Number of protein chains: 2
Amino acid sequence: MKLASLSDYLLLRIERGAQKNAPAKAGKTFAHGSAAAKTAARAPRMPVNRQIYQLIREAILAQTLPAGLQLPSSRDLAAELGMSRNTVTYAYEQLLAEGYLESRTGAGTFVADTEPDQIPETVERSEPLTDPSGKSELSARGAMLTRQAGVGERQWGAFMPGVPDVTCVPHKVWSRLQNKHWRRANSDLLTYGPGAGYAPLREAVAEYLRVARSVNCNASQVLITTGIHQSIDIVVKLLGEHGDSAWVEDPCYWGTRSVLNSLGIQSVPITVDQEGMRMRLANLRRPPRFICTTPSHQYPLGMVMSLSRRRMLLEYAAAHKVWIIEDDYDSEFRYGGRPLASLQGMDTHDRVLYMGTFSKIMFPGLRIGFLVVPESLATAFSTGIAELYRNGQVFLQATLADFMGEGHFASHIRKMRVLYAERLQLLQQSIDRHFGEKMTITGGEAGLHLVLGLPPECDDVAICEEALRAGIIVRPLSRYYMHVRSARRGLLLGYASVPNAEIASSFDKLAAVIKRHLPG
Amino acid sequence: MKLASLSDYLLLRIERGAQKNAPAKAGKTFAHGSAAAKTAARAPRMPVNRQIYQLIREAILAQTLPAGLQLPSSRDLAAELGMSRNTVTYAYEQLLAEGYLESRTGAGTFVADTEPDQIPETVERSEPLTDPSGKSELSARGAMLTRQAGVGERQWGAFMPGVPDVTCVPHKVWSRLQNKHWRRANSDLLTYGPGAGYAPLREAVAEYLRVARSVNCNASQVLITTGIHQSIDIVVKLLGEHGDSAWVEDPCYWGTRSVLNSLGIQSVPITVDQEGMRMRLANLRRPPRFICTTPSHQYPLGMVMSLSRRRMLLEYAAAHKVWIIEDDYDSEFRYGGRPLASLQGMDTHDRVLYMGTFSKIMFPGLRIGFLVVPESLATAFSTGIAELYRNGQVFLQATLADFMGEGHFASHIRKMRVLYAERLQLLQQSIDRHFGEKMTITGGEAGLHLVLGLPPECDDVAICEEALRAGIIVRPLSRYYMHVRSARRGLLLGYASVPNAEIASSFDKLAAVIKRHLPG
């Protein structure tokens with residue numbers, strides 16, 4: 001392309017609407033008569049210098065302007081186009097910066113496309129995938145993960161399990177504390193955070209866990225994470241290898257299994273009975289790397305792990321250097337007596353990694369959780385968290401630390417415990433009214449949900465799908481099992497986020513669906 | 001332990017300070033004469049019912065109260081202790097709930113320790129680790145990760161690279177927008193977020209990337225993450241397998257390598273020259289799963305990838321089904337012309353995963369980044385993010401979306417670009433004043449840092465350590481290389497977060513250290 005043809009090409013393609021002296025300004029909705037003005041008024045045009053840049057770039061990409069070609073000087077091109085030299089200079093400079101052009105001192109400006117590196121014909125692995133849907137482009141673990149995903153589409157409404165009533169968060173207090181930190185615009189609060197988290201929050205969490213959960217720790221052992229998922233991720237990455245195994249309760253929280261799978265950890269399902277995890281001899285003969293457990297409130301069934309099982313797990317873990325991952329996700333809400341003591345508090349061999357979250361006490365969107373590790377591992381975990389996640393949001397951590405320090409946290413828990421106990425009772429009454437003694441309720445002593453048992457011939461998945469169409473979210477118990485054959489049927493009903501007045505009417509809708517599925 | 005001895009044991013151990021009728025209340029700082037009162041005044045005592053609970057629990061754990069032992073009725077024990085029955089009932093109920101006691105109807109209350117499950121003597125793997133320091137308890141990848149950690153202890157101060165000036169965030173505007181959402185206390189903003197992120201933010205990001213970075217995308221392809229680290233994590237988990245390899249630029253950002261390592265991806269270092277990544281034939285013969293690159297502004301050296309290399313990478317990726325991970329971390333700040341067009345915008349085969357972050361534009365503690373994926377993968381990525389991280393903080397995403405929508409984002413970028421250009425110039429002047437032409441400066445055309453080249457015989461790590469003792473944070477260039485032998489020596493100097501007035505005096509301190517290390 002010669003000088004003349006380059007300027008012809010550009011003149012032909014440049015749209016003039018946005019030039020400063022054009023008759024109608026971009027953005028105005030009325031026209032002034034001429035067709036050009038109407039066009040210009042319709043859509044804002046790109047500035048001419050930007051258009052020249054884009055047109056030359058396209059020509060280089062299409063190799064209409066081939067590698068090595070000399071371009072006219074900006075002065076010459078500007079003259080040809082009848083534009084100011086600045087307009088052309090802008091485009092050239094941008095193209096030079098992006099490497100499309102190169103400037104050789106004293107010689108001029110050239111299309112900069114250097115000789116491409118040679119691509120060899122033979123390569124070791126070359127099995128191009130053919131499915132254009134993109135599905136088969138996922139890796140094996142990616143495909144498994146998305147296929148078996150447990151996360152739901154909707155996260156709010158009756159009877160979404162595991163969600164607290166976020167509308168009760170004392171938002172005035174929270175905003176006040178938040179604004180206090182924002183006004184100071186402290187750089188420590190806005191830049192990358194320390195790996196272990198904001199020190200005053202770690203102190204507050206340690207104090208809380210010692211008193212409320214009998215966790216045996218000091219602040220140096222407490223690490224702030226974004227929640228249970230990240231806590232498991234860092235534990236596995238620092239203490240486990242790809243190919244290790246983990247015992248998980250069957251049923252268990254889907255998130256635990258998904259995070260383990262995504263890291264190449266094989267989940268070994270362990271049956272749960274009234275005392276909690278029940279290991280078989282075949283299990284015990286093959287110590288895993290990790291044991292994932294919810295001893296205070298089995299998820300989702302709700303039983304408390306017995307003392308003998310706790311002792312046995314701790315002894316076994318100490319003898320075989322197994323790590324116990326204790327997920328204590330919602331024990332704050334116990335409707336008789338105080339929250340239960342943690343397994344970690346009984347551990348004398350530093351084998352327990354204790355984790356919890358503020359999602360259930362405060363609100364899930366906060367995304368602040370904590371991990372308590374043995375003292376000897378605290379530095380490694382702090383480094384690992386900083387290195388892998390570069391956590392931040394220290395301003396939120398500072399707000400939460402103040403919220404705890406000023407006593408709002410304890411009173412929020414007390415307030416919510418009373419409210420959730422009311423809602424639990426309302427739900428139990430609704431269940432009683434519809435089904436009497438016919439159905440078993442489990443897990444209602446604590447937490448944010450209960451499990452309504454169904455006869456084994458009921459299809460709990462179908463009930464949930466039908467309920468969703470009626471506007472009710474429930475989760476099928478059978479889906480929480482790895483051993484699908486031995487899965488019990490039932491429904492997880494979250495009551496915490498449902499306003500008192502809606503519980504009965506929502507359950508009426510659900511009951512109608514259930515009744516259609518009951519045998520006989 | 002018989003009835004009498006249990007009550008003796010308890011009476012001996014219970015501390016009376018906190019009883020309601022005790023002479024001094026817990027928490028008061030003055031004493032009333034008696035020694036008991038003084039003790040009580042010093043530390044708040046636990047309520048007596050809680051003490052009884054703990055003492056019995058300890059006795060059960062120590063097997064002083066053995067499994068199967070019948071406990072006195074709460075009435076009898078209360079009488080023996082001279083306390084109200086409620087006090088004892090509270091302790092019993094808590095112990096029952098925690099599984100330490102069990103109640104057999106009509107028979108009474110027993111220590112509930114069931115027969116422990118038998119632990120087999122022989123197990124398949126049993127190599128107890130012996131190092132009590134905890135270090136050797138880390139897995140191989142955990143040990144590597146913490147040993148090679150690139151993250152620094154300090155995250156703020158002259159000349160910390162990669163950190164913007166967070167004190168310039170328009171915090172009044174931000175607080176106003178934030179408070180608006182808090183006042184509404186919308187449950188959608190406070191509960192778990194949708195996997196792909198808050199829809200209006202995805203729209204705003206797509207619009208911004210189309211215009212500013214020539215990214216070819218619509219909002220459905222944009223996924224909100226917590227930053228580059230999480231973006232790489234999800235890409236590798238969904239599209240890669242353990243044992244795959246990734247080409248990384250040498251030198252490169254430490255975080256990229258650490259995240260890859262933690263997921264079992266082998267990093268293959270690729271030399272960087274003036275045109276960007278320079279693959280050798282031996283590399284090209286073995287296609288990796290991923291190519292990690294920073295084409296707009298190589299990190300940390302700062303060059304722009306040439307057009308021929310871009311073309312070659314895209315062709316190669318299409319031919320061999322390789323995924324290109326384009327990390328576009330700070331191109332907004334380009335001090336001549338506009339930001340550069342992205343590699344993604346040139347890709348016609350859907351092989352580029354484009355990622356960026358708000359850390360450099362807004363503030364690192366925000367922890368919001370984005371990932372643009374091919375349309376066919378958008379649903380899988382949205383599911384994967386929800387499943388693996390349960391991201392939330394929709395209230396922050398909503399605040400940011402408003403911030404962008406109201407135009408504050410664009411004007412903040414413009415304002416900061418001017419400020420950073422000033423600081424860059426001040427730093428360059430300081431370098432000139434001390435070293436004149438003797439030292440090369442690279443990467444100063446864009447971003448938040450430049451690289452000051454040092455003669456090969458200089459120990460850049462030692463300079464950084466000495467500088468830190470003088471209160472100056474700099475990073476050694478050689479540490480960013482995998483091939484340590486071919487590593488160039490130099491210093492990464494971040495200027496963006498240093499107030500104009502401090503640049504010269506801070507560099508004076510650094511120059512004094514450098515001069516001590518220069519040869520001859």
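Please read all numbers here as calculations on a predicted model, not as lab measurements. Just so it is clear: chains get the letters A, B, ... in the order the sequence lines come, proteins before strands, and each one is counted from 1.
- Counting heavy-atom pairs closer than 4.5 Å to chain B, the top-ranked of the candidates His242(A), Met362(A), Glu445(A), Met346(A) is His242(A).
- Each of Gly193(B), Gly227(B), Gly264(B), Ala140(B) has some count of heavy-atom pairs under 4.5 Å with chain A, and the biggest count is that of Ala140(B).
- For Ser258(A), the parts sitting under 4.5 Å from any heavy atom of chain B are the backbone and the side chain alike.
- Tyr389(B) has its ring centre no less than 6.0 Å from the ring centre of Tyr389(A).
- In this structure, chain B has heavy atoms under 4.5 Å from both the backbone and the side chain of Gln393(A).
- For the pair Thr383(A) and Leu145(B), the minimum side-chain heavy-atom distance is 4.5 Å or more.
- Ranked by heavy-atom pairs under 4.5 Å with chain B, the first of Gln178(A), Met160(A), Gln148(A) is Gln178(A).
- For the atom pair CZ (Phe363(B)) and CG (Leu189(A)), the distance works out to 10.0 Å, reported to the nearest 0.5 Å.
- For a residue to count as touching a neighbouring chain, one of its non-hydrogen atoms must lie under 4.5 Å from one of that chain's; by this rule Leu396(B) touches chain A with the side chain only.
- At a 4.5 Å heavy-atom cutoff, the contact between Ser359(A) and chain B is made by side-chain atoms alone.
- Residue contact with chain B, scored on non-hydrogen atoms closer than 4.5 Å, involves the backbone of Met305(A) exclusively.
- Note: Gln230(B) CD to Gln230(A) CD = 8.0 Å, rounded to the nearest 0.5 Å.
- Put simply, CG on Leu307(A) and CG on Leu95(B) are 10.0 Å apart, with the number rounded to the nearest 0.5 Å.
- From Arg141(A), atom CZ reaches atom CG of Leu263(B) across 6.0 Å, with rounding to the nearest 0.5 Å.
- Trp182(A) and Val169(B) make their closest contact through CZ3-CG1, 4.2 Å (heavy atoms, listed as atom of the first residue, atom of the second, distance).
- The candidate with the highest count of non-hydrogen atom pairs below 4.5 Å against chain B, out of Ser262(A), Ser214(A), Ser175(A), is Ser262(A).
- Contact between Ser139(A) and Gly240(B) at its shortest, heavy atoms only, is OG-O, 3.0 Å.
- With a threshold of 4.5 angstrom between heavy atoms, Asn391(A) approaches chain B through N, CA, C or O but not through any side-chain atom.
- Residues Tyr53(A) and Ala341(B) approach most closely at OH-CB, 3.8 Å, considering heavy atoms.
- One distance of note links CG of Asp165(B) with OG1 of Thr191(A); it measures 10.0 Å at 0.5 Å rounding.
- Within the 4.5 Å cutoff, the side chain of Leu377(A) has heavy atoms near those of the Leu138(B) side chain.
- Between the side chain of Arg367(B) and the backbone N or O of Arg390(A), at least one donor-acceptor pair lies under 3.5 Å.
- Put simply, of His229(B), Glu387(B), Arg310(B), the one with the most heavy-atom pairs under 4.5 Å next to chain A is Glu387(B).
- For the atom pair OG (Ser306(A)) and OH (Tyr100(B)), the distance works out to 10.5 Å, reported to the nearest 0.5 Å.
- Comparing Val304(A), Thr146(A), Val259(A), Leu388(A) by how many heavy-atom pairs each has under 4.5 Å with chain B, the most go to Leu388(A).
- Heavy atoms of Arg57(B) lying under 4.5 Å from chain A belong exclusively to its side chain.
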| said: Evaluate Asn179(A) against Asn179(B) for side chain to side chain contact (heavy atoms under 4.5 Å, CB included), listing each step before the verdict. | reply: CA-CA 8 Å; Asn179(A) 288 339; Asn179(B) 289 339; 2.9 Å; yes
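- Taking each heavy atom of Lys237(A) and Asp233(B) in turn, the nearest pair found is NZ-OD1, 3.1 Å.
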